[in-house]
Amino acid sequence: MSSGQDTAALTASILVPVLDEASRLERTAIAAIGQDVAGPIEVLFIDGGSVDGSRAILDRLAADDERVRVIDNPERVVPAALNRGLAVARGAYIARMDAHTIYPSDYVARGIERLERGDVEWVTGPVYPDAPAGFARCVAAALRSPLGQGGSAKWAGTNANVPANGEVELDTGVFAGVWRRATLERLEGWDPEFHVNEDAEMAARVLSDGGRIVCLPAMAARYSPRETPLGLWRQYWRFGAYRAKTSRRHPIALRPEHLASAALVTTVAMAVAPRGPLRRPARAVTLLWAATIGAVGARAASSRSVREAGGIALALATMHLAWGAGFVWGCLRGGPPLRAVRCLLSRR
């Protein structure tokens, strides 16, 4: 996947998929356009037909700054947006940024510096969930707790014990990042079949080919979570469904925590069933899980208020059950990732 354009004139291209992000777009744009890179950059906003005023913001940004370009994405899904951006990008290095996340001003520069030292294919930073108020604030607190991170090292909270070399090895749990342009072209970009979990699918290809993905704590980005329980449920349902698909194609994409989420949903279903031989033990396990997330919510609540603690517990319950239900549904729809389960058991 090559644009056929001369890339020598630009150091980096930043790709930002956009779809109805007007409330947060200005802050993300400032962070993207303001990247402190030793060389010229461009910022490509790929819009999926926003109807909330995002397009007007993007057009104004493009009119004010010649480094900004706006590209249409009629497919309206993230991998298509990224591939469209890659096809016309002119930078020797490519960075991905999400419209609901704020990146440090040296995000791209640090990624390029690490890539230039060699032995890695993908450089990214941890995610720091952050929201000022409301349910999103509870989701952020939940995501900063171990029960909200799904065993992935991409979350800032899991990187407290950083190795001496200052970087954390990642599996398929990856968020955004910086690549050599040649790497993405060799990989032929993002798989358009993965409307969700596209980064995990690409990460599996990189790792299966012997490549390394590293996380630099200094590249931590501030992520804005979903603002309603329904929005969070939809997000995590899709995460779970597409992780089942990713695991079928790439066995290394499955972690024990993924199976635990599916087992939890199955257990809760048995607990609320009107009858069944396993209903009693299922109810005991369900009560233990509910008590655990309640305790985590109480501990994580900054104000120690009952309302905030309840919001955090609700966020954790939503993430666990939606992800697990999505994973089970993905298994029912496309078949269980049996090869991935066998590989997982052989690694333990």
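Remember, it's a predicted structure, so these values are computed and weren't measured experimentally.
Side-chain contact annotation: Glu21 with Ser54, donor-acceptor N/O pair under 3.5 Å absent. Of the N and O atoms on the side chains of Thr246 and Glu201, not one donor lies less than 3.5 Å from an acceptor on the other residue.
Looking at Arg255, its side chain never comes within 3.5 Å of a backbone N or O of Leu259 through a donor-acceptor pair. Listed for the Gln35 side chain is a donor-acceptor partner under 3.5 Å among the backbone atoms of Ala31.
From Arg238, atom CZ reaches atom CH2 of Trp323 across 15.0 Å, with rounding to the nearest 0.5 Å. Taking CZ of Phe45 as the start and CG of Leu61 as the end, the distance is 5.5 Å to the nearest 0.5 Å. Here the CD-CG distance, from Glu257 to Leu147, works out to 10.5 Å after rounding to the nearest 0.5 Å. Distance check, rounded to the nearest 0.5 Å: CZ of Arg24 to CD1 of Ile57 gives 12.0 Å.
Using a 4.5 Å heavy-atom threshold, the side chains of Pro129 and Arg144 count as touching.
For an aromatic pair to be called close, the ring centres must be under 6.0 Å apart, and Trp190 with Trp179 satisfies this.
Note on ring orientation: taking the six-membered ring where Trp is involved, the planes of Trp329 and Trp237 are tilted (angle from 30° to 60°).
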Item to check | Criterion side chain to side chain contact (heavy atoms under 4.5 Å, CB included) on Arg212 and Glu121, from CA distance to verdict | outcome: CA-CA 6 Å; Arg212 293 177 62 216; Glu121 299 292 324; over 6 Å; no

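Residues Arg137 and Asp130 are not paired through a salt bridge, judged by the lack of any N-O separation under 4.0 Å between the basic side chain and the carboxylate.
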